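Read the structure below first, then the notes.
Since we're looking at a predicted model, the values are computed, not measured. All chains are named by letter (A, B, ...) in the order of the sequence lines, taking the proteins before the strands, and each is independently numbered beginning at 1.
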There are 2 protein chains.
Amino acid sequence: MGKKLTFNEDPRLLSEREPRLSPGDTSPLNQLCAICNDKATGKHYNVISCDGCKGFFRRSVRKNQKYACRYGRSCTVDREKRNHCRYCRLKKCFRAGMRKEAVQNERDRISSRRPSFEEPADVSGLSVQLLLRAELASRQIDSTRLGSREADVADRRVATHADVFDSMKQQLLILVEWAKCIPAFLQLCLEDQIALLRTHAGEHLLLGASWRSRHLHGFVLLGNSSVVTRGAQGK
Amino acid sequence: MGKKLTFNEDPRLLSEREPRLSPGDTSPLNQLCAICNDKATGKHYNVISCDGCKGFFRRSVRKNQKYACRYGRSCTVDREKRNHCRYCRLKKCFRAGMRKEAVQNERDRISSRRPSFEEPADVSGLSVQLLLRAELASRQIDSTRLGSREADVADRRVATHADVFDSMKQQLLILVEWAKCIPAFLQLCLEDQIALLRTHAGEHLLLGASWRSRHLHGFVLLGNSSVVTRGAQGK
DNA sequence: CCCAGTCCACTGTACATTTCG
DNA sequence: ACGAAATGTACAGTGGACTGG
Ligand SMILES: [Zn+2]
Ligand SMILES: [Zn+2]
Ligand SMILES: [Zn+2]
Ligand SMILES: [Zn+2]
């Protein structure tokens, strides 16, 4: 069958090695899972079992799961019903001799999945110049659209919850306009644009508030002239 | 060749699982539902389709539904009209290649998605007082452990990449010590503690650098007395 | 190979919202 | 008007493909 070439099976990297024929065709994998009777893939945690039961046992032990049977604690566990009751499946794993000591701790990510291949990483279109230009451009857009002027000290009031939400909404809108002024951002597909903004919206809000409040003492100034102080809350 | 024939490859169940993609083989998932043309979320029951059609097919097969068309059995099925005629929608699912064998049996119950909606949210043990106390406590620990003194202006140098990584590592260790001084944090289970710190490590680093640099102009001061300037990079 | 591990496409369930009878 | 059923989104769980010692 046309097995797909994987990363380290590049023909140029391998000498023509004949697949070794196992003498007598003694396939050790013709056994059945001791838990669910599916085809076994070897010994797992001390028991001949399938990949499904292997994974199920590992996950259950790692998370120290306590399942409950909704029936009489005697559910049948076979390939088709093995997901019906996790209590009985796990019980059968232990009964069959699976040892939870054989489950190891989580390892580091390997992530050769997405090999990233030491790509030089295209940094064209990423410069402080462009960021500054985007900053200016977005500030223009925002000032015309939102009609915001410099925050007036006289306007300051202690922020209510609504003020906080309101300023977050406003700042997030500004964030989007700003991002759209960065050429490299626009080269991303829409999904990636959204994901990028979503994941780092928190950092942006924080950085904005930090900058805005850098010369103040004892309180944080939000984008809508309300301030957050220690402990106090606006009415 | 003896390819494994297990659960998903059982001819009665479906899903020819493709071998893992080799690098470079990007599948952007920007495809459309073969049934209704909505945005697809992957292959479902063997057909590139949307979540709506996926759920519709599963429910229909599980309950062995027999629908009837009230028109001419040739209704158009698209994003807007897909719910107009179940008969034609299901027919189109099968025509597109959805396999009812791929619909599995009901499984065990899983943990509740929204564990308890509007619970009063326990805020005892969450106060500015406690945070300030934690700040002081962690500062003591850090100063004895890391022997850090106030950053000396004379030590300042333009940060190399190594300086940046080094300061991040240092700040993250400080972050952990700080969190461990917050009583409410210690009440979380270890997994939640880790998750919380991981997700918001970025914000903490940002906030730390912002505070440290609040009176500086044109550069950011890192925790190890190195500074990041615009454009310049330490040798 | 063997058997630990990880990865991730694809299953499933939970439930707010919408539609139907 | 209202309860029951269907819909579709969000996320948890599964297991086969894969890596590594
Ligand atoms: Zn099994
Ligand atoms: Zn049971
Ligand atoms: Zn669809
Ligand atoms: Zn129809």
Exercise. Write down the atom of B:Cys93, the atom of B:Ile35, and the distance for their closest heavy-atom approach.
Key: CA-CG1, 3.8 Å
Quiz item: Does a side-chain heavy-atom distance below 4.5 Å link B:Met168 with B:Leu222?
Solution: no
Quiz prompt | Selection from D:dT9, C:dG5, D:dG13 that lies nearest to any side-chain heavy atom of A:Arg107 | solution = C:dG5
Quiz item: Is A:Arg82 positioned over the aromatic face of A:Phe56, cation under 6.0 angstrom from the ring centre and no more than 45 degrees off axis?
Solution: no
Quiz item: Is a donor-acceptor contact shorter than 3.5 angstrom present between the side chain of A:Arg59 and the base of D:dG15?
Solution: yes
Quiz item: Under 4.0 Å between a side-chain N or O of A:Lys63 and OP1 or OP2 of D:dA12?
Solution: no
Practice problem: Ignoring backbone atoms, test whether A:Tyr45 places a side-chain nitrogen or oxygen under 4.0 Å from the OP1 or OP2 oxygen of C:dG5. | Solution: yes
Exercise. Would you please name every residue forming a ring-ring contact (aromatic ring centres under 6.0 Å, His included) with B:His204, sequence neighbours left out?
Key: B:Trp178
Practice problem: Decide, yes or no, whether a salt bridge links A:Lys169 with A:Asp166 under the criterion of side-chain N to carboxylate O below 4.0 Å. | Solution: no
Practice problem: Remember a base hit wins even if backbone is also touched, and classify A:Gly52 as base, sugar-phosphate or nothing at under 4.0 Å, heavy atoms. | Solution: sugar-phosphate
Exercise. Measure from NE2 on B:His44 to C1' on D:dC11 and round the result to the nearest Å.
Key: 14 Å
Quiz item: Just checking A:Arg62: base, sugar-phosphate only, or nothing, at a heavy-atom cut-off of under 4.0 Å?
Solution: sugar-phosphate
Quiz prompt | Residues touching DNA chain D, which here means a heavy atom under 4.0 Å, drawn from residues 86-104 of chain A | solution = A:Arg86, A:Arg89
Exercise. Quick one: do A:Asn83 and B:Asp108 satisfy side chain to side chain contact (heavy atoms under 4.5 Å, CB included)? Show the steps, please.
Key: CA-CA 6 Å; A:Asn83 284 313; B:Asp108 200 357; over 6 Å; no
Quiz item: Quick one: A:Glu106 CD to D:dG20 P, roughly how many Å, whole number?
Solution: 17 Å
Practice problem: State, to 0.1 Å, how close A:Ala137 and A:Cys181 come at their nearest heavy-atom pair, and which atoms those are. | Solution: CB-SG, 3.8 Å
Name the pairs: protein N/O against N/O of nucleotides 2-4 of chain D, kept only if under 3.5 Å.
none

Quiz item: With a 4.5 Å limit on heavy-atom distance, are the side chains of A:His44 and A:Asp51 in contact?
Solution: yes
Exercise. Establish, with yes or no, whether the OP1 or OP2 oxygen of C:dC20 is under 4.0 angstrom from a side-chain nitrogen or oxygen of B:Asn83.
Key: no
Quiz prompt | Whole angstrom value for the distance that separates C1' of C:dT19 from CD of B:Glu80 | solution = 17 Å
Practice problem: Rounded off to whole Å, could you give me the CZ-to-C1' distance for the A:Arg58 and D:dG13 pair? | Solution: 12 Å
Self-check item: Pair of N/O donor and acceptor under 3.5 Å linking C:dG5 base with A:Lys54 side chain
Solution: yes
Quiz item: Of the candidate nucleotides D:dG16, D:dG13, C:dA4, which contains the atom at the shortest distance from the side chain of A:Gln65?
Solution: D:dG13
Quiz item: Among C:dC10, D:dT14, C:dC3, which is the nearest nucleotide to the side chain of B:Lys43?
Solution: C:dC10
Self-check item: D:dG16 base / A:Lys39 side chain donor-acceptor hit below 3.5 Å
Solution: no
Self-check item: Short side-chain donor-acceptor distance under 3.5 Å, B:Ser226 and B:Asn224
Solution: yes
